[in-house]
Amino acid sequence: MRHIGRIYKSIFKWVPGSALFAVCRRLYDAFVPAMVTLVSVRLFDSAASVLSGEKEVASLYVYAGLYLLIYLINDLLGFASSIIIQCWVYEKCTALFRMEVYEKFAKLPLIALESADTLNRKERVDNAVNDEELSSTFQRTQAIVQNAVAVVSVAVVLARYSVWLLPLSLLSVLPYLFARIVRGKEFFYVKKTQAKKTRLQSYLWGLFTTRQTAKEMRVMGFDGYITDKWRDTRDEVNEELWKVQKKDAVSLLWCDGIRIAGYCVSVAVVLWLVIRGDVTLGVFGGAITAFLSLQGSMRNFLSDLGRIAEHLAHAADYYSFLDMPEESDGAVQYPGLHGASVLENIAFKYPNSDNYALQSLNLTIRKGEKIAILGENGSGKTTLTKVLLGLYPPSGGRVLYDGTAVGDYEKDSFYSRVSAIAQDFVSYSLTLRENVAISDLSRLWEDGDVKASLAEAGFDGSVGLDEAMGREFGGREFSGGQWQKLAIARGLFKDSELIVLDEPTSTLDPLIETEILSRFVQAAQGKTALVISHRVGLCKLVDRIVVMKDGTIVETGSHAELLSSGGEYARLFNEQAKWYNGAALNLG
Ligand code: ADP
């Protein structure tokens, strides 16, 4: 009931006129069968009286006119409602329900997006919204009330003529209820368990339609393997669905058979009552039409009641997603760093993972310091920066900026002062200007600043600032290195005091990497800068090197100190020295 209430509240808030119209139309529809029954009994009786010469033919016209008027109004309302309901209750409200999901998604803590459970839930909610389940719940609950009122009102009218008709019609439609309840639950269960498989299906489909993966798949020759995998998943999903639908069709066929048999028996009973002289000919005519509409309303009522479980389960999914805890915001305005940011005895575990990605980690970063974080893949470097920037809350320990926990700062004020260039940075198919200034849109039209950031990052594409980039929309395409420099320009453009560069240059050759990193370190003068790398090429350029292994810091110090101590850094250095030529290592 709570979910239904929330759906009604939203729809009445978004489209009050259409919602009210929908309710009024249902109310009229609810009384149509009873009105038709009453009028048709009178119509048939009048016809009999006119034929026997007891009444004037005029009375016949009155009832015939009334009969037609009821249907005419019904048709007009039906026509208007098909447009109004479709446009507003379905299309507009579905768009607004979808918007609620996206707004909620944007407010979820980033760490929640690492969890497969959250992504499965999101998939289920997307399906519910795309299938217009919430607007259907609005419609179907009204249909239930409409048919219940119709059944009761026709029953009251019928009972006036003969009580025999009631139990017969009831018995003939009861199996519908069971078929619908069983189907509703089973169908929903299939959809629920299918969420993971359909996500896999769309992931595999995405591999075909993404430029880079499609290229690799063809060159390496495993596109056939992925096609087969996609086909298998699709068949599995469809087969489960078809099985439920087949079962459903068979059960409904049985129910229809029972209903038709019930109708035949009841017509025979009324005929018998007429012959006995218990009811008039008019009642016979009215009753057999009334009996049909009673059966129809009862069938609709029961099948809607059975299916409501399915809709409500989708609504429950929807609202449990909307009720997920949101990222909390701190109350303290971030005044900027004056002393140091400190990672204090940090432990961190990803959701659904048994191992700690970080543990017993302590690090103090002084204002203005340039630090290189070094370590092999998987040693925890990226995770460290996410925890440092307050994106992921640590499972243990504290992250402090000048003594205040990062979570206590008001997010907007904190993030306005930090900049980060992620490993998987985004290449926007927008203009060059937007690609750079999207990190601080208040300076979008400051050509000098945009050009300066591009120059600092070493971007030399000789491209106009307003030229479109990316081939998706017919713009210019660049090499991976150029896109990476562009991402760095974007990071530098934002007027931040702390900047984090997460090895975006790792796909470049070591010489270009060293050039980009040295440019970055120069451009970050006056800022606190953290550069993550698994390469030793840049380490002479920074104030301090932090070496990570297995989620913790194993060494810190300058290049010379760490090299002479003969530990992990020296090992990495000697291993990688083979890749570099002397010129690269001596840079700086
Ligand atoms: P690095 O940046 O040094 O390559 P990461 O910080 O990316 O290392 O990863 C540290 C550890 O955390 C690795 O063991 C990695 O497998 C694990 N990890 C990273 N991301 C996730 C995730 N989303 N879910 C579970 N484990 C993860």
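In this chain, residues are counted from 1 in sequence order. Just follow the structure's listing: the first ligand is 1, and inside any ligand the first atom is 1.
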S.K.: Strictly by modelled atom types, are E236 and T233 linked by a side-chain donor-acceptor pair under 3.5 Å?
M.R.: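 Their side chains do not contain a donor-acceptor pair, so the 3.5 Å distance test is not met.
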S.K.: Could you tell me which residues satisfy ring pair (Phe, Tyr, Trp, His ring centres under 6.0 Å) with Y392, sequence neighbours excluded, listed by chain and number?
M.R.: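 Per chain and number, Y392 pairs via ring pair (Phe, Tyr, Trp, His ring centres under 6.0 Å) with F348, Y350.
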S.K.: With sequence neighbours left out, what residues match E327 under salt bridge (charged side-chain N to carboxylate O under 4.0 Å, His left out)?
M.R.: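 Applying salt bridge (charged side-chain N to carboxylate O under 4.0 Å, His left out) to E327 gives none.
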S.K.: Under the salt bridge (charged side-chain N to carboxylate O under 4.0 Å, His left out) rule, collect the residues that match up with D117, sequence neighbours excluded.
M.R.: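 D117: salt bridge (charged side-chain N to carboxylate O under 4.0 Å, His left out) contacts with R121.
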S.K.: Check each protein residue for a heavy atom under 4.0 Å from ligand 1 and list those that pass, ordered by chain and number.
M.R.: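 Those residues closer than 4.0 Å to ligand 1 by some heavy atom are E114, Y350, A357, E376, N377, G378, S379, G380, K381, T382, T383.
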S.K.: Which of parallel (below 30°), tilted (30 to 60°) and perpendicular (above 60°) describes H3 and Y319?
M.R.: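 It falls in the parallel class, under 30°.
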S.K.: Could you tell me whether Y401 and F414 have their ring centroids closer than 6.0 angstrom?
M.R.: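 Yes, the ring centres sit under 6.0 Å apart.
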